[in-house]
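Encoded as structure tokens, the structure appears first; notes follow it.
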2 protein chains.
Amino acid sequence: MALKATSIDIAYRAGVSQSTVSRALRNSPLVNLETRERIQSIAKELNYKVDKNASNLRTQNCKTIALLLCEDPTNDDSLINPFFLSMLGSITRATAQQGYDLLVSFQQLSSDWHGDYEDSNKADGIILLGYGDYLDYESKLEKLLEQNTHFVIWGAEHNNKSVLSIGCDNFQGGLIATEHLLDQGRRQPAFLGDSSSHSPEFRDRYLGHSRAMKQAGLPLNKKRQFSAISTEASGFEAANKLLDSGLAFDSIFAASDLIAIGAIRALKELGISVPEQVSIVGYDDIPVASFANPPLTTVKQNTQLAGEILVESVLKLIKGEAVKAQLIPTKLIVRESTRPLGIQLNS
Amino acid sequence: MALKATSIDIAYRAGVSQSTVSRALRNSPLVNLETRERIQSIAKELNYKVDKNASNLRTQNCKTIALLLCEDPTNDDSLINPFFLSMLGSITRATAQQGYDLLVSFQQLSSDWHGDYEDSNKADGIILLGYGDYLDYESKLEKLLEQNTHFVIWGAEHNNKSVLSIGCDNFQGGLIATEHLLDQGRRQPAFLGDSSSHSPEFRDRYLGHSRAMKQAGLPLNKKRQFSAISTEASGFEAANKLLDSGLAFDSIFAASDLIAIGAIRALKELGISVPEQVSIVGYDDIPVASFANPPLTTVKQNTQLAGEILVESVLKLIKGEAVKAQLIPTKLIVRESTRPLGIQLNS
DNA sequence: CTGAAAGCGCTTACAG
DNA sequence: CTGAAAGCGCTTACAG
């Protein structure tokens, strides 16, 4: 491999000092325009690139954000919630737009990652995208706070107000999903998903659901809530529990699309038709949602916007600017898994 | 933010020289065990982390791999082929296992990324995961070669033998998919997917398909091949062209699951039943495949293994060891979109 | 507008 | 086993 060109090589060829080369490459107006252009063209010719390690060491920042995907160790690759992958896409893009690099790491909850990034100057700040049990990594967050790490976390608002969280408005999402079911004449929606503080996002969706019931003057039957984590299998299981319970229900609000898809399978196996007998709304609008059978009505989170805001927020944190938690609005995507009660299509 | 501790701070507290601290932290046997342990405990206490920029600058490597996802600019986030996201997961894991960091970037084909990573010492090597038109970035690869960059590319074997490619055995995949259809008594399989050198992976799947036909002594009707890129919409369109063509066919081998899913939709719209009238095999085993209706028989690529081999290969390249192109075997996953001809299930 | 010089925080040959 | 010293390749205050 040919030796890498350094700023000194360029200085030599250009007949100027190394300092001038450095200035010229950063396009400093201090350097005579003509000299600047000459230096830049020599740099191009030599295929010169500024050594990041050297410049970062000097400036003490590294223009890099670390993204930690904290996952449940029981999950295998193929089970990664597609929603997170979509977030990953938008975060990558947003980071690049800001001229930063993105270091990605999948972390087991168990591993000792706190501080591993910013303290070693590998990243200027951290974005945490977590799934799995929320309470499990509370203590890690505390440590990050202690160490004054710049980080934001995706999800519901945190108990500790110093933790900056950015998330979609799960309460509103739960509200509009349920309102949609009620608007279509459903009166007994079941909720599939954890509603405890272990999954604050699901819990907020459930709270929105409850609010919608209340607004409509309908009683909320807490028994019609069945816990589930965000997998198809768990949704299938939860739906079966609902069916076995013997409780009356005319619709389902599933806390995630995967849960909804599992629920549809459970209903189909018993010959219950969706949406005629039971309407179903999911959450996330993952790619599968539109291919489900029937295509799933769901609450879409704006991952594009979410990624941008996450990145913007860490960047502000890094610059020492004030940032506050934000809730990103959600949108209902109506497809064929919900239908007004009593209306029969002739097909 | 509290000032970050440096090795000098530790040296001061430990009453030794900074050199000794550096050695002790790297667990050098040169340092007296007792001293070593004392230094390490002080480091822990101070929450000291080696500054990566400084150590990388010194050692001239950075223990980082860059992953470039080269995408078709027309795609939006949600359309990223789920297969690539699964690869991303396994690559992240494999990189971490080797003690390396992963820098991820989504790159437009248009942008000027060659050399942007290794030349600037941001990464020691590059993994290229591309989708979109293959021929478009040939020239970029040439440049990377010129610059002696350490890189591997996911996909079919490359014309230029100096380019190290790692990929699943697409020929074998096409072969087993088609053999499966023929074994079940199908005689006129159509192929949906590009078969030109613009998409060498699809082309190889088509070649495997052709081989299976030949082995079975069946004529290959080239008209039964309809181009498609890996999206549901394109699969839908290609299937409609097939239907419009009036050509007889009793089964479809789709070059990707997304194409297969689009094709199923097209068939259903015309009331053609899958698998009774037309059997369909897809490719990739993306998460959606098992939720499709009917669940899709498909060729699974071992992404876990693929990620490991990709990472291992760049690492070897970096160390200057010899590496050669590898083909990873594929596996047929039989689900309900294929069924032996003539057998009727009473359901 | 330009240059000489210091220094970011490490690692490692060299000397003892 | 340990220390003094050089140096990785930059950026930037200082001086002119």
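Proteins come first, then strands; the chains are lettered A, B, ... in the order of their sequence lines, and each starts at number 1. Values below: every heavy atom of this structure, side chains too, minus hydrogens, waters and symmetry copies.
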Worksheet entry | Distance, C1' atom - from C/dT12 to C/dG16, rounded to whole angstrom |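 That atom pair is separated by 16 Å.
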
Would you indicate, yes or no, if [N] has its OP1 or OP2 atom less than 4.0 angstrom from a side-chain nitrogen or oxygen of [X]?
X       : N      : result
A/Thr20 : C/dG3  : yes
B/Thr35 : D/dC1  : no
A/Arg26 : D/dT12 : yes
A/Ser7  : D/dG9  : no

Worksheet item: For DNA chain D, what dot-bracket results from Watson-Crick or G-U pairs at under 3.5 Å, with [ ] for crossers and | for inter-strand partners?
Response: |||.||||||||.|||

Worksheet item: How far apart are the C-alpha atoms of A/Leu128 and A/Leu141, what are their side-chain angles, what is the distance that settles it, and do they pass the side chain to side chain contact (heavy atoms under 4.5 Å, CB included) test?
Response: CA-CA 10 Å; A/Leu128 288 165; A/Leu141 297 184; 3.5 Å; yes

Item to complete: Identify, with sequence neighbours excluded, every residue that meets salt bridge (charged side-chain N to carboxylate O under 4.0 Å, His left out) alongside A/Asp9.
Response: none

Item to complete: Mind running a 4.0 Å heavy-atom check of residues 53-64 of chain A against DNA chain C and sending the residues that fall below it, in number order?
Response: A/Leu57, A/Arg58, A/Gln60

Worksheet item: Which one, C/dT2, D/dG3, C/dC10, comes nearest to the side chain of A/Leu30?
Response: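 Between C/dT2, D/dG3, C/dC10, the one nearest the side chain of A/Leu30 would be C/dT2.
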
Discussion item. Please pick, from C/dC10, C/dT2, D/dC10, the nucleotide with the shortest atom-to-atom distance to any side-chain atom of A/Tyr48.
Written reply: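 The answer is D/dC10, which lies nearest to the side chain.
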
Would you give me the side-chain donor-acceptor pairs under 3.5 Å for residues 311-323 of chain A, sequence neighbours excluded?
residue, atom, partner, partner atom, Å
A/Ser313, OG, A/Ile309, O, 2.7

Discussion item. Mind checking if A/Ser19 touches a base, just sugar-phosphate, or nothing, with heavy atoms under 4.0 Å?
Written reply: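 Result for A/Ser19 = base.
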
Write out a two-atom table: protein N or O, nucleotide N or O from nucleotides 14-16 of chain C, distance below 3.5 Å.
none

Discussion item. Under the side chain to side chain donor-acceptor pair (under 3.5 Å) definition, can you give me all pairs with a residue in residues 36-45 of chain A, not counting sequence neighbours?
Written reply: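 As it turns out, the side chain to side chain donor-acceptor pair (under 3.5 Å) pairs with a partner in residues 36-45 of chain A, which skip direct neighbours, are A/Asn27-A/Arg36.
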
